[in-house]
**Student:** 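First, the structure itself, so that you have it in front of you.
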There are 2 protein chains.
Amino acid sequence: MNKKEEVAIQVEDLQPGLSIDCVIFGFHENELKVLLLRLKNSDIWALPGGFVNKEIDVDQEAIHVLKNRTGLESIFLHQFHLFGSVSRNNTYHTNHLIEQKLLDPNLKEWFAQRFVTVGYYALVEYSKVEEPTPDLLSEACEWCAINDLPNLMLDHKDIILEAHATLKKELNHQPIGLNLLPEKFTIPELQSLYETVLEKKLDRRNFRRKMLGYDILIQTNEKRTGVAHKAPDLYKFDQEKYHLAISQGFKSGW
Amino acid sequence: MNKKEEVAIQVEDLQPGLSIDCVIFGFHENELKVLLLRLKNSDIWALPGGFVNKEIDVDQEAIHVLKNRTGLESIFLHQFHLFGSVSRNNTYHTNHLIEQKLLDPNLKEWFAQRFVTVGYYALVEYSKVEEPTPDLLSEACEWCAINDLPNLMLDHKDIILEAHATLKKELNHQPIGLNLLPEKFTIPELQSLYETVLEKKLDRRNFRRKMLGYDILIQTNEKRTGVAHKAPDLYKFDQEKYHLAISQGFKSGW
DNA sequence: TCAAAAGTGTTTTACCTACACCCATGC
DNA sequence: GCATGGGTGTAGGTAAAACACTTTTGA
């Protein structure tokens with residue numbers, strides 16, 4: 001392990017003590033998953049995140065993180081909370097990185113200061129993230145089921161839980177699905193997504209009626225074939241109306 | 001104007017580039033108001049805010065700001081957004097302060113950096129804020145009607161508008177009034193508060209039925225006397241149920 | 001006594017809930 | 001053919017929206 005593998009960071013260009021963390025949600029095999037990084041030579045996982053350049057909008061940096069880890073752009077990304085506890089410092093983790101010669105010891109003080117982090121959550125289509133890419137300090141980037149999270153650094157578990165709670169709330173005003181499901185999907189698949197996010201079962205028939213009532217779905221002429229039982233109809237979102245619903249919001253809740 | 005009036009700030013104790021701003025709402029004469037500070041020797045106004053000590057939780061610092069400006073504690077205070085635009089720097093304002101000898105020129109660089117600010121909004125009872133106190137850089141602290149805002153520094157107007165929008169949304173899940181109205185109030189007064197926040201008229205009878213349906217009001221034996229027309233009944237909040245409703249949330253919206 | 005605001009009630013409509021039934025498909 | 005999931009319809013209850021009427025008070 002030589003100098004070349006050390007992470008080069010120009011700390012003077014960065015907003016000190018500020019970071020961002022992205023809770024990137026994906027939906028696969030009826031499970032809600034988040035994209036996590038495993039730190040090098042460690043069994044501790046962390047949210048994809050990064051620092052904020054002094055000359056770049058914070059929201060813009062979140063877009064960068066998402067792009068770098070998933071390759072995806074212009075998808076749903078929403079700032080939801082700032083985590084500013086005093087205990088948010090990386091002393092332990094920083095020492096570990098320096099021991100492993102992954103970090104320049106001169107950066108120790110900078111890394112070990114209290115970091116305030118801005119939480120974002122993103123909704124991405126699982127299958128479109130072809131190769132999740134770890135960052136410089138990590139050696140793995142994987143989808144983890146939200147109900148079976150590994151050992152997470154600092155308060156990252158709280159951040160994930162808060163993101164999930166926020167997502168649940170938002171479901172009362174906004175549709176979801178556009179960035180979590182493939183372009184064409186069946187209503188039962190959409191329902192499964194809702195049930196997974198909400199963590200409760202919904203009535204088939206009422207779900208269909210309510211969802212169709214939102215007037216954001218377009219029925220295609222196709223059906224999902226090759227599966228057992230009756231072939232369900234394929235739908236897609238009416239993107240214009242979908243985005244209108246996002247911006248204007250629904251009236252009632254579930 | 002001598003050295004003694006200069007503001008003493010130990011910048012080394014502060015989280016660099018991070019500030020908080022509080023949108024403190026009050027309700028008076030059927031108007032929604034916010035508490036604003038007028039900067040010394042200037043006609044520019046600003047939100048009450050401050051910097052964040054490295055050793056103190058960000059949320060805790062917001063409580064401090066509220067306490068220092070209004071004298072109030074343990075009231076509704078909610079973090080709602082981080083404003084992180086690159087353009088958030090105080091160059092203009094800093095120069096003005098130094099010219100007025102209100103700020104040590106040595107602090108110029110620190111003050112002029114890009115500041116990311118955490119927005120909080122608070123709901124306070126107008127009459128309980130007996131003497132709004134300006135901070136060290138301000139010479140006035142006054143209630144301003146939200147529909148008639150003065151000239152505000154930086155993006156503080158956006159912050160206020162966003163706080164108001166957030167408050168409107170929250171109304172769908174939570175009751176308000178406990179910290180905005182006096183202990184005892186009439187239902188028409190509560191309705192007027194809702195109408196002011198929502199910026200639309202509501203039906204008297206439906207409002208009453210819906211509000212009573214929430215089961216958070218307790219009717220007192222008293223009536224509001226001395227006013228014209230039929231004396232309305234005075235109510236107060238059932239604080240236990242009120243806070244339960246805050247934490248658990250309602251189902252539907254308006 | 002009269003205008004204006006407060007308290008109470010009713011009708012209509014829409015939606016949510018909880019069901020029952022038939023249809024298509026793979027095994 | 002039969003179990004399983006998908007599409008469709010319907011009756012009952014609840015709540016929201018849109019109303020009218022009576023009561024109380026100060027001027």
**Student:** Between B:His78 and B:Phe76, what is the ring plane arrangement, given parallel below 30°, perpendicular above 60°, and tilted in between?
**Tutor:**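 B:His78 vs B:Phe76 ring planes: parallel.
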
**Student:** How would nucleotides 18-27 of chain C be written as a contact map, 5' to 3', with B for base contact, S for sugar-phosphate-only contact and - for no contact, using protein heavy atoms under 4.0 Å?
**Tutor:** BBB--BBBS-

**Student:** Hey, can you tell me if B:Tyr121 and B:Phe80 have their rings parallel, tilted or perpendicular (30° and 60° cut-offs)?
**Tutor:**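 Geometry flag for B:Phe80 against B:Tyr121: perpendicular rings.
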
**Student:** Contact between B:Leu35 and B:Thr70 at the side-chain level, heavy atoms closer than 4.5 Å - yes or no?
**Tutor:** yes

**Student:** Within this structure, what is the CG-to-P distance between A:Leu234 and D:dG6, rounded to whole angstrom?
**Tutor:**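 Distance, rounded to whole Å: 12 Å.
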
**Student:** Measure the distance from CZ on B:Arg224 to P on C:dA6 and round it to the nearest whole Å.
**Tutor:**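 Between P of C:dA6 and CZ of B:Arg224: 11 Å.
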
**Student:** How many Å lie between NZ on A:Lys201 and C1' on C:dC16, as a whole number?
**Tutor:** 20 Å

**Student:** Are OP1 or OP2 of C:dC16 and a side-chain N or O of A:Lys210 less than 4.0 angstrom apart?
**Tutor:**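 Checking C:dC16 against A:Lys210, a side-chain N or O does come within under 4.0 Å of OP1 or OP2.
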
**Student:** If I take atom CG in residue A:Asp233 and atom C1' in nucleotide D:dG5, what distance separates them, rounded to the nearest angstrom?
**Tutor:** 13 Å

**Student:** Rounded to whole Å, please give me the gap between CG in B:Leu202 and P in D:dC19.
**Tutor:** 16 Å

**Student:** Return the value, rounded to whole Å, for the distance between atom CD of B:Gln219 and atom C1' of C:dG7.
**Tutor:** 10 Å

**Student:** Under a 4.5 Å cut-off applied to non-hydrogen side-chain atoms, are A:Ser19 and A:Val52 in contact?
**Tutor:** no

**Student:** Expressed in angstrom and rounded to an integer, what is the separation of A:Arg208 atom CZ from D:dG6 atom C1'?
**Tutor:** 7 Å

**Student:** Where does the angle between the aromatic ring planes of B:His173 and A:His173 fall among parallel (under 30°), tilted (30 to 60°) and perpendicular (over 60°)?
**Tutor:**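 It falls in the perpendicular class, over 60°.
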
**Student:** In the structure I gave you, are the side-chain heavy atoms of B:Val118 and B:Gln79 within less than 4.5 Å of one another anywhere?
**Tutor:** yes

**Student:** In this structure, how many angstroms lie between the P atom of C:dA6 and the CG atom of B:Leu190, rounded?
**Tutor:** 13 Å

